[in-house]
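The figures that follow rest on heavy atoms only: side chains count, while hydrogens, waters and symmetry mates do not. Every number for a ligand or one of its atoms is a count from 1 in the order of the listing.
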Amino acid sequence: MISVGEALRTILDATPVLGAERVTLLDACGRVAAEAITSTRAVPASDNSAMDGIAVRGDDVASAPARLRLIGSAPAGSVLAAPIEAGTAAKIFTGSVIPDGADTVVRVEDLDHANGWVTVRVPVARGANVRRRGEDIMPDATVVAPGTVLGPADLGVLASVGRAMVSVTRRPRVAIVSTGAELVEIDETPGPAQVVNSNAYVLAAAVRDAGADPVVLPIVRDRFEDIRARIEEAAQADVVLSTGGVSVGEFDFVRDALDAIGVERRFWKVAQKPGKPLTFGTLGRHLFFGLPGNPVSALVCFGVYVWPSLRKLAGHSAIHHPVVTARLATPVRKATSLTEFVRVHLVRDGAGWIAKPFAAQSSAVLTSLTAGAGLLVGPATETALEAGAVYPVIVLDGATMATENPSFSG
Ligand code: AMP
Ligand code: MG
């Protein structure tokens with residue numbers, strides 16, 4: 001039996017980064033750039049106006065009032081043909097190109113119009129209200145570095161420089177194999193000895209949440225040959241997640257099946273609760289996680305081990321769920337010599353967090369992981385977790401932590 005830390009290291013050491021593929025910008029959000037992207041153009045392409053108003057020569061408006069003759073108008077999208085000469089001005093709009101001869105924009109709020117003439121009421125500094133060519137992006141500037149997690153603003157920058165396609169690390173394909181003679185599909189009514197295959201839904205959603213593509217395979221019964229064949233079929237994927245059949249029972253064939261198809265098994269059993277029977281192995285660049293069948297164990301193992309592995313495959317460098325420290329609200333007795341992942345609910349406490357353990361900590365009680373649960377990490381060396389003590393909590397669902405509205409002053 002190995003420790004949680006050793007298990008995680010073993011998995012991440014064996015996890016490669018996948019190759020690249022080209023996707024359109026609309027499909028690129030959240031993906032990891034696999035290339036450096038350099039701009040071939042300036043953004044903006046020309047000096048342009050930051051305001052609605054008039055384009056003028058700075059010398060003409062250094063003192064006020066200044067009376068100028070209007071010689072034309074330059075709506076956004078157009079370029080005024082005639083240059084601005086001393087004593088003249090042209091109407092201009094936000095984003096319009098600054099006409100030749102002009103170097104300054106006076107805001108419409110500072111103007112009076114009459115009969116083709118305009119009066120500037122206040123002195124305006126040369127260069128005011130002008131956005132410079134290349135102020136955002138200069139030609140040859142690197143706008144995206146490899147490894148960048150592309151967000152909405154990155155995609156806007158890429159659009160501005162005319163990049164419609166971008167090379168990103170491929171999304172991991174993850175096959176989900178549910179084993180168990182007691183399992184039925186969701187549209188069947190389970191008999192007293194049966195359970196609906198809920199793990200497939202849990203894992204498919206978690207895989208998608210991690211930015212990977214799940215493929216759910218049909219339920220497989222607890223027969224060695226069936227499990228071997230199904231895992232072999234699943235092995236086309238980058239990652240195989242099986243659930244159930246990985247413990248020490250007479251019908252637990254997953255490890256034997258992995259061995260039979262040549263998977264190099266790296267470990268079986270981790271000193272943790274829940275999820276002790278977790279097994280992991282590799283076959284070439286393909287990863288195999290034998291997750292326990294209990295729904296909580298499967299999802300806890302996913303959060304702690306599979307999630308970071310999928311994130312690494314997809315090219316991310318920040319691969320783990322966020323961790324906060326929280327004060328434990330009520331004492332928890334824990335298993336001796338095992339790292340225990342206590343399912344808790346996080347509540348805000350001034351600048352910090354309080355972790356409230358769910359009443360039911362059985363690995364069969366999946367509702368302990370609904371409603372934004374975190375996993376409080378109870379150290380292997382402790383036998384009891386005391387109320388008021390501070391522990392790390394792995395935050396499985398960051399969105400549910402955003403319990404407060406931002407406060408704005410003024
Ligand atoms: P096992 O790891 O195969 O011994 O299964 C442990 C427990 O998890 C048993 O109570 C199973 O009924 C339950 N279980 C196993 N696989 C699933 C599944 N796919 N969906 C829901 N529960 C499951
Ligand atoms: Mg089973």
Side-chain angles (χ1 to χ4, degrees), residues 1 7 174-210 212 214-231 233-234 237 239-260 263 265 267-281 288-307 335 338 340-341 343 358 360-370 373 375 396:
M1 196 150 67
V174 183
I176 295 167
V177 175
S178 311
T179 77
E182 74 280 32
L183 302 180
V184 295
E185 301 289 1
I186 195 165
D187 51 0
E188 297 169 63
T189 305
Q194 295 178 314
V195 293
V196 174
N197 177 13
S198 62
N199 281 347
Y201 292 88
V202 170
L203 293 176
V207 163
R208 213 164 262 149
D209 209 18
V215 180
V216 176
L217 298 176
I219 291 167
V220 55
R221 305 291 154 208
D222 292 320
R223 282 190 291 262
F224 169 77
E225 188 45 41
D226 293 358
I227 293 176
R228 191 203 60 75
R230 183 56 49 75
I231 292 181
E233 175 194 346
V239 177
V240 177
L241 302 180
S242 67
T243 63
V246 78
S247 199
V248 289
E250 218 177 304
F251 296 99
D252 290 338
F253 295 121
V254 167
R255 280 177 303 127
D256 291 344
L258 291 173
D259 292 347
V263 170
R265 273 202 296 109
F267 63 76
W268 173 51
K269 285 191 176 171
V270 181
Q272 65 183 6
K273 188 181 168 198
K276 191 159 80 176
L278 173 68
T279 190
F280 172 73
F288 296 77
F289 292 86
L291 305 174
N294 271 311
V296 171
S297 311
L299 188 50
V300 166
C301 288
F302 186 95
V304 175
Y305 303 104
V306 183
W307 175 282
L338 302 179
E340 186 151 339
F341 298 107
R343 274 76 72 207
F358 280 89
Q361 291 287 331
S362 154
S363 58
V365 177
L366 188 55
T367 47
S368 70
L369 271 173
T370 58
L375 302 176
L396 296 178

For Ile231 and Ala257 the tightest heavy-atom approach is CD1-CB, 4.2 Å
Contact region, Leu183 to ligand 1, non-hydrogen atoms below 4.0 Å, reads side chain
Within a strict 4.5 Å, meaning less than it, do heavy atoms of the Leu291 and Val306 side chains meet?
-> yes
Numbered atoms of ligand 1 (with element) below 4.0 Å of Val196, judged on heavy atoms | 20 (N), 21 (C)
Is Asp222 near ligand 1, meaning one of its heavy atoms is under 4.0 Å from it?
-> no
Quick one: closest heavy-atom pair of Gly180 and Arg221, and the distance?
-> O-NH1, 3.3 Å
Check whether any side-chain N or O of Thr179 sits under 3.5 Å from a backbone N or O of Thr243 as a donor-acceptor pair, and report yes or no.
-> yes
min-distance protein heavy atom vs atom 3 (O) of ligand 1 -> Gly245 N, 2.9 Å
Asp252 to ligand 1: N or O pair under 3.5 Å?
-> no
How about Arg230 and Ser242: do any of their side-chain heavy atoms sit closer than 4.5 Å?
-> no
So, does Ser198 sit close enough to ligand 1 that a heavy atom of it is under 4.0 Å from the ligand?
-> yes
Examine the proximity of ligand 1 to Thr243 and report which part, side chain or backbone, both or neither, has a heavy atom under 4.0 Å away.
-> side chain
So which protein heavy atom does atom 19 (N) of ligand 1 come closest to, and at what separation?
-> Asn197 OD1, 2.8 Å
Write down the atom of Ala360, the atom of Ser368, and the distance for their closest heavy-atom approach.
-> O-CB, 3.5 Å
Heavy-atom check, side chain of Phe302 versus side chain of Val207, under 4.5 Å | yes
Tell me which protein heavy atom sits closest to atom 14 (N) of ligand 1, plus the residue, atom name and distance to 0.1 Å.
-> Gly293 O, 3.2 Å
Examine ligand 1 and decide if any of its atoms is less than 4.0 Å from a heavy atom belonging to Ser247.
-> no
So which heavy atom in the protein is nearest atom 17 (C) of ligand 1, and how far is it from that ligand atom?
-> Asn199 ND2, 3.1 Å
Where Trp307 and Ala206 come nearest, the two heavy atoms and their spacing = CZ3-O, 4.2 Å
Could you list the atoms of ligand 1 found under 4.0 angstrom from a heavy atom of Glu182?
-> 9 (C), 11 (C), 12 (O), 15 (C)
Mind checking whether Phe253 and Phe224 have parallel, tilted or perpendicular rings, split at 30° and 60°?
-> perpendicular
With respect to atom 10 (O) of ligand 1, which of Val177, Leu366, Asn294, Ile176 exhibits the smallest heavy-atom separation?
-> Asn294
